[in-house]
Amino acid sequence: MDAQLRKGLLELCVLAVLRKEDSYGYQIIKDVSDLIEISESTLYPILRRLEMGGKVKSYTTQYNNRLRKYFHLTEEGRQYLKNFDKDRAQLLKILDYIAEEDEK
């Protein structure tokens, strides 16, 4: 898969995971891995970028006597996903067009 396309899809997948509930890195990887391959070295830069962009916030909580960093979807992140939902129909139309051209 093209790196730019993959990057955008991974960001959307991470936001979609956090739309359901706050989560931490390892769990996010488990949740997303069924759809698209992701590693820690890929996830954490995405989370930092999303946090710098105001789409997620992080907080630390103690879990089993260790600190665990959780990520929370902000209202800006929710709005970003809603905007993508609006664009989804157009994206599907484009993908159908591309697949149709490949079949000829």
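Keep in mind it's a predicted model, so treat the numbers as computed, not measured. Scope of the values below: all heavy atoms of this structure, side chains included, with no hydrogens, waters or symmetry mates.
The shortest side-chain heavy-atom distance between Leu15 and Lys55 falls under the 4.5 Å cut-off. Using a 4.5 Å cut-off on side-chain heavy atoms (C-beta onward), Asp22 and Leu73 make no contact. Put simply, the side chain of Phe71 does not reach to within 4.5 Å of the side chain of Val14, judged on heavy atoms.
Tyr59 contributes atom OH, which lies 8.0 Å from atom NE2 of His72 (distance to the nearest 0.5 angstrom). Taking OG of Ser23 as the reference point, atom CZ of Arg68 lies at 8.5 Å (rounded to 0.5 Å). Distance check: Tyr70 OH to Tyr63 OH gives 7.0 Å after rounding to the nearest 0.5 Å.
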Can you give each donor-acceptor pair under 3.5 Å made by side-chain atoms of residues 26-36, sequence neighbours left out, with the distance rounded to 0.1 Å?
{"from": "Gln27", "atom 1": "NE2", "to": "Asp31", "atom 2": "OD1", "distance (Å)": "2.9"}
{"from": "Ser33", "atom 1": "OG", "to": "Ile29", "atom 2": "O", "distance (Å)": "2.6"}

Report all side-chain donor-acceptor pairs from residues 76-95 shorter than 3.5 Å, counting only partners two or more places apart or in another chain.
{"from": "Gln79", "atom 1": "NE2", "to": "Asn83", "atom 2": "OD1", "distance (Å)": "3.2"}
{"from": "Asn83", "atom 1": "ND2", "to": "Gln79", "atom 2": "O", "distance (Å)": "3.4"}

Without placing hydrogens or testing angles, list every side-chain donor-acceptor pair under 3.5 Å for residues 38-49, not counting sequence neighbours.
{"from": "Ser39", "atom 1": "OG", "to": "Ser41", "atom 2": "OG", "distance (Å)": "3.0"}
{"from": "Ser39", "atom 1": "OG", "to": "Thr42", "atom 2": "N", "distance (Å)": "3.4"}
{"from": "Ser39", "atom 1": "OG", "to": "Thr42", "atom 2": "OG1", "distance (Å)": "3.2"}
{"from": "Arg49", "atom 1": "NE", "to": "Glu11", "atom 2": "OE2", "distance (Å)": "2.8"}
{"from": "Arg49", "atom 1": "NH2", "to": "Glu11", "atom 2": "OE2", "distance (Å)": "3.2"}

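The heavy-atom pair separating Lys57 from Thr74 by the smallest distance is CG-CG2, 3.5 Å.
No continuous path of ILVMFWY side-chain contacts below 4.5 Å connects Leu18 to Tyr24, so the two sit in separate hydrophobic clusters. At a threshold of 4.5 Å between side-chain heavy atoms, the hydrophobic network of Ile, Leu, Val, Met, Phe, Trp and Tyr places Leu5 and Leu10 in one connected group.
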